[in-house]
Structure formats: C-alpha cells, structure tokens
A.B. asks: 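So that we are looking at the same thing, I have put the structure below in structure tokens.
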Number of protein chains: 2
Amino acid sequence: MECKRIQRGCSLTELKEKIIETSLTLFDQHGFHGVSVNEIVKACGTSKGGFYHHFSSKDELLFVIHDYFISYVLIKAQEAISESTHPTEKMQKIIQSFVKVFDLYKPHISVFYQESIYLKPPYVEAIKKKRQTYKEIIFSVIKEGIDKGVFRSELPVEITGMSILGMVNWSYKWYKRDGGKTIDEIGDIYVDLVLNALLIDKQKEAEITQPFLLKNQVVVD
Amino acid sequence: MECKRIQRGCSLTELKEKIIETSLTLFDQHGFHGVSVNEIVKACGTSKGGFYHHFSSKDELLFVIHDYFISYVLIKAQEAISESTHPTEKMQKIIQSFVKVFDLYKPHISVFYQESIYLKPPYVEAIKKKRQTYKEIIFSVIKEGIDKGVFRSELPVEITGMSILGMVNWSYKWYKRDGGKTIDEIGDIYVDLVLNALLIDKQKEAEITQPFLLKNQVVVD
DNA sequence: CTATTGAGACCGACTAGTTGGTCTGTACAA
DNA sequence: TTGTACAGACCAACTAGTCGGTCTCAATAG
C-alpha cells in the first residue's frame, strides 16, 4: 500500500507518520478547523505531548501536509515533460501523471485545495512559490505548442493553462475511487478534451489515430 | 452597485443585509472558521444580540449565504437554456452567464466552494439538491448536443460535464477583477475551448464563423 | 559483563484565552 | 401595552499549546 507512494525520509518516526496520515483523513472529512488537536491525538492513540514533540504547532502540521504533496506533484510534472519532446505528448503525460495522484493522494489534494487559506504567513509563501512553478510548467508546454505550430495560436497561454488546471483539479470535488470509471479512463478523457481544444485542425487530423484521442468507442456511464 | 444584483426580499432588514455582506467578505478572506461571531458583529458595528436576532446560529448564516448564491445561479442557468434552442448556443449562454456571476458574487462563490464542508446536516442536503440540479442542466445540454449530432458522441456525458464545470468553477481561485482580461473575455475563451472540445469537426467548420469561437485575433496577456 | 548516564520519544494534567450561544435589559414604534 | 430590534454582560465548552515527569535504549565507563 505504501510502496507506490513517494519514499519519505527514513528519519520519520512511525508516530509522526501516523499523525500525518490520520489528520489527513480527518481534515479531508471535517476540514482543518473542524478537527482539534485533541481529536487527532485520540484518533492516533497518542497524546498532546506526542503531537507537539513532532510538530511545533497545528499550523506546521498543515504546512508539512501541503509541502509534501506539492513537492511530489512538482517532481512528477518535471519527470513528465523531461521524458517527452513533443508538446502534445508532454501535455498528455502531465495530465495523466497528475490524475494518477488522485488515487494515491486524494486526502492530500482535498486538504491542499481546501485548507490552504489557513496556512500562516511563514508557510504560505513557500507553498505559493511551488504552486507557481507548477503553473509555469503548464504554461511553458502550451507556449511551446503554439510556437511549434501545433497548438492554436489564438489561445491565450495563461487562461488556457488555468482552464486545464481547473478542469483537472476540480476532480477532487467529485472523484470517487469506486465510481464508474477508473482514474486512467478519466485521464484519457481529459487528454482528449484538452487536445481537441488546443490542437489546430490539421494536427488533429494527423494525430487522431494516436492513443491519446478517444476512438469512437461507446463509453457508457 | 446593488442594482445589478438579485432583488432580495424587502423583508430583510438593513442589519441582516449588512451582516451577510460583511461576513461574506470576512469569510472570503479568512474562511468560515477564521472569523468569529464577535469579529462579525464588531465589523458590522452591531452586537451579539443583533446577530442572534436575525440568525439562529453561525451555521444558519453560512447556509443563507450558500442558498442565496446557488438559487441565483440556478435561475440564471435555467434562463440561459430556455432562451435558446440550439445546444451549442445553450452551452455558450450557460458558460457566459455563470462567468458573469464572478464579477458580482466573487465572495459568495469563494465561500460556497470553500466552506460548504462546514454546513451542518440539516442544511447540507438542501444545498446538495440544488447543486445536483445545476449539474443536470449541464448534462442535459451535452446529451442534447450528442443526440442531435452536434457534439461528439464518444464523449461521456457526466465526465465531460464535470470537466466544463471544473474549468469554469476554478476561476474563483485565480480570477481578479483588475487582471489582464475582463470576465467576458475569459468567458469567451472558455466557450471557445469547450466548443472546440465538444463539437464534431463538420459542425466546427460550419460554425467557426460564429462569434462564440475565437477568431485568429492575437490575444496578448 | 554490569552500571551509569543522558538524550530522544512520549505522556497527560494543566492553563490562558477564545468560541458560539444565552439572557436580561432597553429603546422605540404602533 | 405589546412586540420588534437591538445591546452587551455573561457562560459553559472547547481550543491550541505548555511543562514537569516517565520510559526506553544506546553509548559509555568501570
């Protein structure tokens, strides 16, 4: 179960790990302010002392969760674009890699997008910086696609990028693992929608046979 | 300033109105749990008594804000589809009408998407029902488009619908009134992206001259 | 091999402050 | 007089965070 996840530093004790995992689930269900430190430690079978031995504050715990997640996503995105040369393929890989994260890190994502307003100033800047980096990866792929004559040049880079981000990110509001479709299927649909929206028609004709565009398969719900 | 907004029942006293508007701004900035009732009443220049005269609880205030917003959006969407016959036009109208709400109800939207997890059981069902109705409006337009041979039949209705919703909804995370583009311009881009993603190519050829698709204008940021 | 030490991991009663909510009182209009 | 609209002191419950203390165990000393 843990094997597919990113390797944490082995310096993390079991309790610290458990506090993070437990509070992640609780925050996901009730929100950061809907869960008290007492509830966290009770759910962990530990104590206030145990908690504050590992975290200087409840806010730091929130930061650790945020940082852990965004760092992971960032690495995955960088991997995705580095192992491809063609902008279309890069876009496809980014979307598919991000969408995969939903299976592994659903609570992380919910907390990340839901509770980030509660991050205290010293922490919020660090997270913002990484989020911006992530955005710029998306933007750069779109820009590259336009420059290479693959994507439609009339599209504004930033807003198109935010549209894609929004489409994918919003999944955290509704995706359930036991829903009708697997996360990979959903990813394929996203890729299909995005590429149909971005590619210039000639390119689309040429690439329609590639696997990232949905065939005329009947996809029932 | 208020004139463009929906007419509230005139039974609302000035204080109740003021509490709603003030807390909306505060919730938007600091989150529902980041603002205490004391802070609300202080910002309003009123008192605990004043507050609890109009609201039975802080939770009810949150519900009122939610219900007010979703009801408005629902009406707008129903207007949008009823005044059009063609699915393409319906989709266009829905997106444009929703996007317009961002200018008028930015704090409502932020609170709606950010704090809804804190709605208590008696309230949360009522809101969920209306949200579902909204989703089904979108779904029905997509379904109609597919049935009429306008939208690509290989697209799954629900996920495509959630993609569109996500794309548009996500705006609340980044849209600023004084940004580079007006909300109407952003709406046009959304319409362009969505229709390019949904329309079958023949339709696209035929309708490319229509105003809802971006011309080869250079849109700089 | 045993004894001593000391540092990290953890416990839980405690505190100071804040929270949502109540209750009595008041001003005023009908 | 009666009801509505508000004021603000008050309260019980809960909050994040503290702090003195205990336990474990590895490193060192004898």
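Order of the sequence lines sets the chain letters (A, B, ...), proteins ahead of strands, with each chain counted from 1. When reading the values below, keep in mind they use all heavy atoms of this one structure, side chains included, and skip hydrogens, waters and symmetry mates.
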A.B. asks: Is any side-chain nitrogen or oxygen of Thr46(B) closer than 4.0 Å to OP1 or OP2 of dA7(D)?
C.D. replies: yes
A.B. asks: Using whole Å, report how far CD of Glu17(A) lies from C1' of dC10(C).
C.D. replies: 18 Å
A.B. asks: Using a cut-off of strictly less than 4.0 Å, decide whether His54(B) has a side-chain nitrogen or oxygen near OP1 or OP2 of dC6(D).
C.D. replies: yes
A.B. asks: Quick one: Asn38(B) CG to dT22(C) P, roughly how many Å, whole number?
C.D. replies: 14 Å
A.B. asks: So, Asp103(B) versus Tyr175(B): side-chain donor-acceptor pair below 3.5 Å or not?
C.D. replies: yes
A.B. asks: Look at Glu79(A) together with Lys76(A) and state whether they make a salt bridge at an N to O cut-off of under 4.0 Å.
C.D. replies: yes
A.B. asks: Distance check needed: dT15(D) P versus Tyr52(A) OH, whole Å only.
C.D. replies: 11 Å
A.B. asks: Is the distance from OP1 or OP2 of dC6(D) to the nearest side-chain N or O of His53(B) less than 4.0 Å?
C.D. replies: no
A.B. asks: With DNA chain D as reference, determine whether Glu39(A) or Gly49(A) sits nearer its 5' end, using the nearest nucleotide of each.
C.D. replies: Glu39(A)
A.B. asks: Between dT19(C) and Ser36(B), is there an OP1 or OP2 to side-chain N/O distance shorter than 4.0 Å?
C.D. replies: yes
A.B. asks: Would you call Lys93(A)-Glu89(A) a salt bridge at under 4.0 Å N-O?
C.D. replies: yes
A.B. asks: Give the rounded distance in Å between these two atoms: NZ of Lys16(B) and P of dT4(D).
C.D. replies: 15 Å
A.B. asks: How are the rings of His33(A) and His33(B) set relative to one another: parallel (under 30°), tilted (30 to 60°) or perpendicular (over 60°)?
C.D. replies: parallel
A.B. asks: Mind calculating the distance between CZ (Phe55(A)) and C1' (dA9(C)) to the nearest angstrom?
C.D. replies: 14 Å
A.B. asks: Could you grab the distance from atom CD1 of Ile20(B) to atom OG1 of Thr25(B), nearest 0.5 Å is fine?
C.D. replies: 11.5 Å
A.B. asks: Rounded to whole Å, please give me the gap between CG in Leu26(A) and C1' in dT15(D).
C.D. replies: 16 Å
A.B. asks: Would you kindly compare Gly45(A) and Asp59(B) by the position of their nearest DNA chain C nucleotide and give the one closer to the 5′ end?
C.D. replies: Gly45(A)
A.B. asks: When all nucleic acid strands are considered with a 4.0 Å heavy-atom cut-off, which category describes Val35(B): base, sugar-phosphate, or nothing?
C.D. replies: sugar-phosphate
A.B. asks: Please report, rounded to the nearest Å, how far the P atom of dT18(D) is from the NZ atom of Lys58(A).
C.D. replies: 15 Å
A.B. asks: Please give, in whole Å, the distance from dG17(D) P to Ile40(A) CD1?
C.D. replies: 11 Å
A.B. asks: Suppose we call a contact any N or O donor and acceptor under 3.5 Å apart; does that hold for the side chain of Lys48(B) and the base of dG21(C)?
C.D. replies: yes
A.B. asks: Determine: side-chain N/O of Ser47(A) to OP1/OP2 of dC11(C), distance under 4.0 Å, yes or no.
C.D. replies: yes
